[in-house]
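Have a look at the structure below before the remarks.
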Amino acid sequence: MSWHFLLCFGVVAVATASPLARDLEFQHSYHADERPQEGVPAWTSQGNRAEVNLEDGVLTVASSGPGVRHFFSVGRKDTEPSGAWSMSEGGAIVEFRVKCESTNTEEEIFRLQMTDGERLWRVAFSNGRCNGRAVTTQEWATYRVVLQGGKMQVSSEREGVFLFDVEGAPSAEPPSLLFGSFKASPEEASRSWSLDFIRWSNHQVEVVTK
């Protein structure tokens with residue numbers, strides 16, 4: 001995976017993670033070699049009626065019909081908080097590799113959501129869209145999210161930086177990180193998402209722009 005595209009799209013360096021960052025350069029990571037709730041840290045699994053499969057290092061959640069959702073979280077409703085997501089230093093960096101699709105081109109399929117106790121940020125995917133921006137969703141891609149100074153930037157290995165200076169929305173939720181189909185499907189639509197990995201660090205991230 002190459003992150004040289006960052007040189008051309010504004011964000012050119014992150015002080016705490018190199019462009020070819022490996023897990024050892026992140027504080028925490030989850031790979032789909034086991035179910036999220038069996039990982040370290042352990043994720044809380046929430047949802048209803050979705051089909052959850054783990055095969056060949058890929059976590060896949062598929063569903064059809066209205067009212068179905070399934071997501072995993074750290075910190076949101078933990079009975080024994082692990083401290084894995086805190087943003088106590090005011091920033092974070094998250095990388096994840098995902099693909100998703102739905103028969104309803106307008107509905108949300110997959111979401112990454114982050115809160116720091118006062119604000120909330122969402123990276124929401126529908127068919128061919130991420131937060132309303134055109135991206136390729138039906139093929140594997142790695143995304144990088146940087147939170148700093150109350151604002152979010154999102155980039156991918158294909159599109160480069162395509163979201164920047166996104167303000168967090170007010171939120172009273174405790175600090176948490178979640179991923180999955182958080183928003184229930186409103187109709188008889190089939191949708192699925194697959195995750196290869198997610199990794200993150202809680203600290204201020206120095207973003208250098210050119």
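Fair warning: this is a prediction, and the values are worked out from it, not measured in the lab. Heavy atoms only: backbone and side chains are in, while hydrogens, waters and symmetry mates are out.
By the salt bridge (Lys or Arg N to Asp or Glu O under 4.0 Å) test, R119 is found to be paired with D116, residues two or more places apart in sequence or in another chain being considered. When the side chain to side chain contact (heavy atoms under 4.5 Å, CB included) test is applied to S185, the partners found at least two apart in sequence or on another chain are E107, A189, R191. A62 pairs by the side chain to side chain contact (heavy atoms under 4.5 Å, CB included) definition with S192, not counting sequence neighbours. By the side chain to side chain contact (heavy atoms under 4.5 Å, CB included) test, E51 is found to be paired with N53, residues two or more places apart in sequence or in another chain being considered. A search for side chain to side chain contact (heavy atoms under 4.5 Å, CB included) contacts involving N127 returns E101, S102, T105, I109, T137, Q138, not counting sequence neighbours. Qualifying salt bridge (Lys or Arg N to Asp or Glu O under 4.0 Å) partners for R69, counting only residues two or more places apart in sequence or in other chains: none. Considering only residues two or more places apart in sequence or on other chains, F71 meets the ring pair (Phe, Tyr, Trp, His ring centres under 6.0 Å) condition with F182.
For residues 128-140, the pairs satisfying salt bridge (Lys or Arg N to Asp or Glu O under 4.0 Å) are E139-R158, with sequence neighbours left out. A ring pair (Phe, Tyr, Trp, His ring centres under 6.0 Å) check over residues 45-70, counting only residues at least two apart or in different chains, returns the pairs H70-F72. Identified under the salt bridge (Lys or Arg N to Asp or Glu O under 4.0 Å) test for residues 33-48, with sequence neighbours left out: none.
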Which atom pairs, donor and acceptor, lie under 3.5 Å between side-chain atoms of residues 161-175 and protein residues at least two apart or in another chain?
from : atom 1 : to   : atom 2 : distance (Å)
S171 : OG     : E173 : N      : 3.2
E173 : OE1    : R76  : NE     : 3.4

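Under a 4.5 Å side-chain heavy-atom cut-off, the cluster of Ile, Leu, Val, Met, Phe, Trp and Tyr residues that includes V40 has no other member.
Only one option out of L177, L178, V98 pairs with L112 in a side chain to side chain contact (heavy atoms under 4.5 Å, CB included); it is L177.
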